[in-house]
Amino acid sequence: MSEHMVTSPEVTFAHAPAEGTGRIWKIFWLLSFITVIELVLGFGLAKHWYGDPETSHTQILFVKGVICILSFAKAFYIVSVFMHLGDEIRNMIMTIVVPLCLFVWFITAFLWDGNSWKTLRNRYNGKPAQIEKIIPAAKEKGAKD
Amino acid sequence: MSTVAAQHETKWWSGGRSPFNASYGKVMMWYFLMSDAFTFGAFLISYGTIRFSQNFWTDPNKVFNSFPGFGHMDLPLAFVSLMTFILIASSVTMVLAVHEGHKMNKKGVENYMLLTIIGGIAFLSCQAWEWTHLLTGEHIALLNDGSLSVLPTTTRMNPWGAEIPHEAMLAALKTTPQDQLVNIASTIHHEGASHNLAEMSNTQLVDMISAAGIHANHTGPIAFGGYFFGITGFHGFHVLSGVVINIIMYIKTKLSHFEQRGHYEMIEKAGLYWHFVDLVWVFVFLCFYLI
């Protein structure tokens, strides 16, 4: 047993209390900085990339991708430092992080599905269903079925 | 370094102790939060699916562009940035409360918990203003029957479709019934008494509206309001319950319950929940406001 406070008999050793609050404030400034960058990029999108008519759909999509990655970085720092998951032992971290990998499929599959709906709707909306007409091959005279 | 040594000597899975070196309550809080992450994830992903399936989606920068006290100024992202910073700040005060708890500093825990509670209430107040602003908003939209109407943003109405050209709006005014013309005219002249407008003829009203140079939109996708109010409401409810939990923790700290127990682990568990609320906001902010 370590001399630090032990919260329950199940706990083998308590984490040594952090020396200071330096790390907390560092992460606070980092999160604020990332948020400001996100806002600058988001404001650019709001003004259609600061009023540039040449901006293509791909460029807009790229900026949105960058914003998504920055948000994941924020999520990582909140979970790892503020929630202290980074200080837990490895087995514990894995039981949380591994199930969350399901999100990779979850996001990909469902956005793909939504996009597929759009494609199908645009193809068929307002048009009568087109039934392919297959012309049966002409029967030979005298041939029996 | 003593912790590293302890880890090597310990037989984690031989029973009698937590293989995760964490108390039952804390481990279960983590698993609860993981399941809650899937709930929020499912909501946000379903929003994404619907959004991807539409040719047109409402531009959030047109919907969320006002700030209390600034009237009709176009300020996209401004108010929601304030809300984001309030939540980040309250997250920091929460982690500082946990830190003071480790040092068994009762006074420090009390102070930081109080600041966290204030941050949470400030966030909820901002959300209340934002919802009220949307639900009581007045925006001119072209209905499917070809007439114009004044609509708020609700779970059933979305006045945020594509903007219609001025000529199309003038044509639509001709088929708009008189009561709607009065509503539209009253959005232009808030201070003007509406009973005067009701007495005006259709032609007078149409002339007045045409001269004002106002814009009208098509109606937008209905799903927008449902997803916005549903998901931000579910998040807001988490914030509310987080504030209630934090108030209970504050009172228990005040009554020296944790001091007598010899540890402040309950503050840590409440902190996990509070940080999770902040974490979810990162993604709500991303999906509804930024992109």
Side-chain angles (χ1 to χ4, degrees), chain A residues 2 4-18 21 24-25 27-28 31-32 35-36 38-39 41-43 45-47 63-64 67-68 71 74-75 78-79 81-85 88-89 91-92 95-96 99-100 102-103 106-107 110-118 121-122, chain B residues 2-3 6-7 10 12 17-25 27 30-31 34 37-38 41-42 45-46 48-55 59 61 65 76-77 81 84-85 88-89 91-92 94-96 98-99 102-104 262-263 265 268 271-272 275-276 278-279 282-283 285-286 289-291:
Chain A
S2 82
H4 303 304
M5 63 159 191
V6 169
T7 52
S8 89
E10 304 149 283
V11 176
T12 309
F13 63 88
H15 300 289
T21 52
I24 296 169
W25 287 109
I27 297 303
F28 168 70
L31 290 177
S32 306
T35 308
V36 168
E38 282 183 339
L39 287 171
L41 294 175
F43 194 73
L45 293 176
K47 300 289 167 200
V63 175
K64 289 184 177 181
I67 296 176
C68 287
S71 286
K74 272 163 75 175
I78 290 172
V79 174
V81 179
F82 282 3
M83 296 170 90
H84 296 288
L85 187 63
E88 301 290 348
I89 67 174
N91 286 338
M92 166 87 181
T95 59
I96 307 291
L100 290 179
L102 186 62
F103 270 122
F106 202 176
I107 295 169
F110 276 72
L111 294 188
W112 196 301
D113 198 38
N115 200 45
S116 158
W117 268 100
K118 178 166 75 181
R121 205 184 277 133
N122 287 344
Chain B
S2 64
T3 53
Q7 251 172 318
T10 310
W12 286 112
R17 60 171 72 84
S18 162
F20 295 152
N21 192 45
S23 71
Y24 177 80
V27 173
W30 268 108
Y31 292 153
M34 187 177 70
F38 276 110
I45 290 166
S46 116
T49 307
I50 297 299
R51 189 171 163 172
F52 266 59
S53 77
Q54 306 281 322
N55 286 315
D59 181 0
N61 297 299
N65 69 344
L77 289 170
S81 333
T84 304
F85 280 109
I88 292 179
S91 224
V92 171
M94 185 77 232
V95 77
L96 289 171
V98 173
H99 183 81
H102 282 299
K103 295 197 295 189
M104 297 298 290
H263 59 80
E265 207 203 28
E268 275 183 59
L272 285 179
H275 293 310
F276 177 75
D278 183 28
L279 179 68
V282 168
F283 291 102
F285 177 56
L286 172 75
Y289 301 93
L290 279 175
I291 61 176

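Numbers restart at 1 for each chain; the letters A, B, ... are given by sequence-line order, proteins then strands.
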- Query: How long is the gap from CZ on Arg121(A) to CG on Asn55(B), to the nearest 0.5 Å?
  - Reply: 8.0 Å
- Item | Contacting region of Phe283(B) [heavy-atom separation from chain A under 4.5 Å] | side chain
- Message: Which one wins on heavy-atom pair count under 4.5 Å against chain B: Val79(A), Leu85(A), Thr21(A)?
- Response: Leu85(A)
- Item | Euclidean distance, Ile107(A) CD1 relative to Ile45(B) CD1, rounded to 0.5 Å | 4.5 Å
- Query: Does any heavy atom of chain A fall under 4.5 Å from the side chain of Ile50(B), the backbone, both, or neither of them?
  - Reply: neither
- Mark yes or no for whether Thr35(A), through its side chain, and Leu31(A), through its backbone, hold a donor-acceptor pair below 3.5 Å. yes
- Quick one: which of Met94(B), Met34(B), Arg51(B) has the most heavy-atom pairs under 4.5 Å with chain A, could you say? Met34(B)
- Task: Report the residues that fulfil side chain to side chain donor-acceptor pair (under 3.5 Å) with Asp59(B), sequence neighbours left out, ordered by chain and then residue number.
- Result: Asn61(B)
- Hey, which of Ser81(B), Ala89(B), Gly271(B) has the most heavy atom pairs under 4.5 Å with chain A? Ser81(B)
- Message: Please classify the contact between Ile96(A) and chain B as side chain, backbone, both or neither, with a heavy-atom cut-off of under 4.5 Å.
- Response: both
- Query: Under a 4.5 Å heavy-atom cut-off, does chain A meet the side chain of Phe276(B), its backbone, both or neither?
  - Reply: both
- Message: For chain B, which candidate among Ile78(A), Asn115(A), Leu111(A) shows the most heavy-atom pairs at distances under 4.5 Å?
- Response: Leu111(A)
- Side-chain (Ser91(B)) to main-chain (Asp278(B)) donor-acceptor, under 3.5 angstrom: no
- Please work out which of the three classes, parallel, tilted or perpendicular, describes the rings of Trp25(A) and Phe28(A), given edges at 30° and 60°. perpendicular
- Query: So what's closer than 4.5 Å to chain B heavy atoms on Lys64(A): side chain, backbone, both or neither?
  - Reply: both
- Judged by modelled atom types alone, do Thr84(B) and Tyr289(B) share a side-chain donor-acceptor pair under 3.5 Å? no
- Minimum heavy-atom distance Ile291(B)-Cys68(A), with the two atoms named: CD1-SG, 4.1 Å
- Query: Does any heavy atom of chain B fall under 4.5 Å from the side chain of Thr95(A), the backbone, both, or neither of them?
  - Reply: both
- Query: So which of Val92(B), Val98(B), Ile88(B) has the biggest tally of heavy-atom pairs under 4.5 Å with chain A?
  - Reply: Val92(B)
